[in-house]
Peer 1: 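Sharing a structure with you now.
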Amino acid sequence: MPLFGDDQGKTEQPTPNRLAEVRNRGDTPMSKELIQGGVLMVAACTFEWCGGWLVDSLSQAMRRGLDVDLSHRSLGEVSGACREVMSAFLLVVPPFAALVTSLVVATLVLGYGQIGVRWSREVLGLKLERLNPLANWKKVFNVQALVRTGFAVLKLATIVGVLWYVLGDRWPMLLRLHERPLSAAAGEIGSVAMSLMFWIGSVVFAMSFVDLVWQRISFKNRNMMTKQEVEDERRRSEGDPTIKMRQRRARNELMRQRMMDSVPKADVIVTNPTHFSVALRYDRTRDAAPTVVAKGVDDMALRIREIAREHGVPLMEDPPLARALFRAVKIGQTIPERFYQAVATVLGHVYRLKGRSA
């Protein structure tokens with residue numbers, strides 16, 4: 001049985017498309033232990049900062065409620081009672097809001113900081129296979145479940161050790177809290193709670209980095225791919241080679257047909273009698289310089305010459321110029337400046353043959 005429950009032959013690293021697909025299904029390498037430990041530490045630090053503020057606010061609100069004079073005329077009215085309730089509420093809200101905001105921000109940062117912000121409708125949707133007992137039974141008995149169970153046992157043992165470390169010397173004091181004043185007992189309980197929260201949060205946060213590494217390794221291994229899957233994905237992303245070849249052939253044929261349609265509009269065909277043909281057009285009203293409208297080699301060059309003869313386009317033999325233009329200029333581009341003199345000579349000769357002034 002494979003270690004991570006994968007089929008044999010999954011030796012290829014998961015592709016970006018596969019990782020994006022499984023993340024959309026809600027499968028991410030997120031460590032919940034990191035969130036728990038980090039939130040505990042943030043809660044301890046926040047209580048250290050605003051715990052006294054929160055306790056004082058609650059105390060003031062309670063004293064205000066106990067000392068209120070019910071015989072006061074304003075309290076007999078709805079507006080007066082609402083003002084008293086609102087004033088007590090405003091005393092407690094700021095420290096409580098600071099505490100809640102810090103915990104919410106810590107949860108979001110520690111959670112989305114691991115996997116990024118991702119929205120998936122597939123996670124929210126109802127799937128019948130999740131209700132299948134057989135599928136859920138398989139999820140219970142696998143290596144990942146055993147690792148999670150072992151990590152939970154280790155965490156529990158560590159927390160018990162932290163409790164023993166923090167409370168070991170304080171048991172006698174805690175057992176005699178009933179003998180002390182209420183304020184002193186509350187202060188001792190608060191101090192013990194703060195110590196426990198800080199130490200447990202620190203230990204869980206430190207242990208969570210091991211879980212984070214495990215989650216990433218497990219995520220990668222359970223999404224390994226076979227060579228056939230990689231090849232199938234490449235075909236889906238790039239397209240079937242046969243279809244791509246057919247499309248390329250169709251595009252080339254269309255470009256060739258458009259090029260041949262431009263040959264009758266050319267002013268001259270510069271040729272190497274056996275191999276190259278380059279069709280040039282020069283319209284002073286729209287062209288800054290002569291433009292190559294068609295070119296070809298061997299059979300294509302022969303076809304260009306045939307079309308030119310059919311439409312009365314003059315052919316000029318200039319092997320060096322034909323080869324240079326064929327290699328240096330793409331179809332639809334104007335000729336570079338270094339060819340101006342040679343092409344001007346050819347066009348001048350053509351214009352003279354046609355009885356036009358150059």
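Values in this document were obtained by computation on a predicted structure and should not be read as measured data.
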Peer 1: Counting N and O atoms only, with roles assigned by atom type, does the side chain of Thr101 sit under 3.5 Å from a partner on the main chain of Ala98, one being a donor and the other an acceptor?
Peer 2: no
Peer 1: Return yes when atom CD of Gln333 has more than 12 non-hydrogen atoms of other residues, nucleotides or ligands closer than 6.0 Å, and no otherwise.
Peer 2: yes
Peer 1: Does Glu310, at its CD atom, have more than 12 non-hydrogen atoms belonging to other residues, nucleotides or ligands within less than 6.0 Å?
Peer 2: yes
Peer 1: For Phe205, is there any backbone N or O sitting under 3.5 Å from a side-chain donor or acceptor partner on Ser208?
Peer 2: yes
Peer 1: Can you check side-chain contact (heavy atoms from CB on, under 4.5 Å) on Gln215 and Met30, steps first, answer last?
Peer 2: CA-CA 7 Å; Gln215 290 295 336; Met30 183 175 68; over 6 Å; no
Peer 1: Return the CG to CD distance between Asn223 and Glu229, rounded to the nearest 0.5 Å.
Peer 2: 10.0 Å
Peer 1: Would a distance-only check, ignoring hydrogens and angles, find a side-chain to backbone donor-acceptor pair under 3.5 Å from Thr46 to Val42?
Peer 2: yes
Peer 1: Where do Arg222 and Ser218 land on the side chain to side chain donor-acceptor pair (under 3.5 Å) test, with the steps shown first?
Peer 2: CA-CA 6 Å; Arg222 68 175 173 265; Ser218 173; 2.8 Å; yes
Peer 1: Are the side chain of Lys295 and the backbone N or O of Val329 linked by a donor-acceptor pair below 3.5 Å?
Peer 2: yes
Peer 1: Tell me if the OH atom of Tyr165 is crowded by more than 12 foreign heavy atoms within 6.0 Å.
Peer 2: no
Peer 1: Can a salt bridge be assigned to the pair Glu306 and Arg309 using a cut-off of 4.0 Å between side-chain N and carboxylate O?
Peer 2: no
Peer 1: Only counting residues at least two apart or in another chain, list the ones meeting ring-ring contact (aromatic ring centres under 6.0 Å, His included) with Phe326.
Peer 2: Phe276
Peer 1: Leu99 and Val105: same hydrophobic cluster, using ILVMFWY side-chain contacts below 4.5 Å?
Peer 2: no
Peer 1: Checking side-chain polar atoms at under 3.5 Å, does Asp261 have a donor or acceptor matched by the opposite partner on Gln257?
Peer 2: yes
Peer 1: Around Asp283, counting heavy atoms of other residues, nucleotides and ligands shown, do more than 12 lie under 6.0 Å from its CG?
Peer 2: yes
Peer 1: Do Val313 and Ile307 make a side-chain contact, defined as non-hydrogen atoms from C-beta onward lying under 4.5 Å apart?
Peer 2: no
Peer 1: Counting C-beta onward and ignoring hydrogens, is there a side-chain heavy-atom pair between Leu280 and Thr291 closer than 4.5 Å?
Peer 2: no
Peer 1: Which pairs with one or both residues in residues 97-109 pass salt bridge (charged side-chain N to carboxylate O under 4.0 Å, His left out), sequence neighbours excluded?
Peer 2: none
Peer 1: Looking at Pro95 and Cys50, what are the two nearest heavy atoms and their distance?
Peer 2: O-SG, 4.2 Å
Peer 1: Between the side chains of Lys32 and Gln114, is a donor N or O closer than 3.5 angstrom to an acceptor N or O?
Peer 2: no
Peer 1: Hey, are the side chains of Met259 and Met300 touching, using non-hydrogen atoms and a 4.5 Å cut-off?
Peer 2: yes
Peer 1: List the residues meeting ring-ring contact (aromatic ring centres under 6.0 Å, His included) with Phe47, not counting sequence neighbours, and say none if there are none.
Peer 2: none
Peer 1: Do the side chain of Asp267 and the main chain of Tyr282 share a donor and acceptor less than 3.5 angstrom apart?
Peer 2: yes
Peer 1: Is there a side-chain contact between Asp211 and Leu34, using heavy atoms and a 4.5 Å cut-off?
Peer 2: no
Peer 1: Got a second to check how far Thr15's OG1 is from Leu19's CG, nearest 0.5 Å?
Peer 2: 6.5 Å
Peer 1: Under the side-chain contact (heavy atoms from CB on, under 4.5 Å) criterion, do Met194 and Glu48 qualify, and how do the steps go?
Peer 2: CA-CA 8 Å; Met194 288 292 298; Glu48 184 68 26; 3.3 Å; yes
Peer 1: Could you tell me whether the side chain of Ile35 reaches within less than 4.5 Å of the side chain of Thr107, counting heavy atoms only?
Peer 2: yes
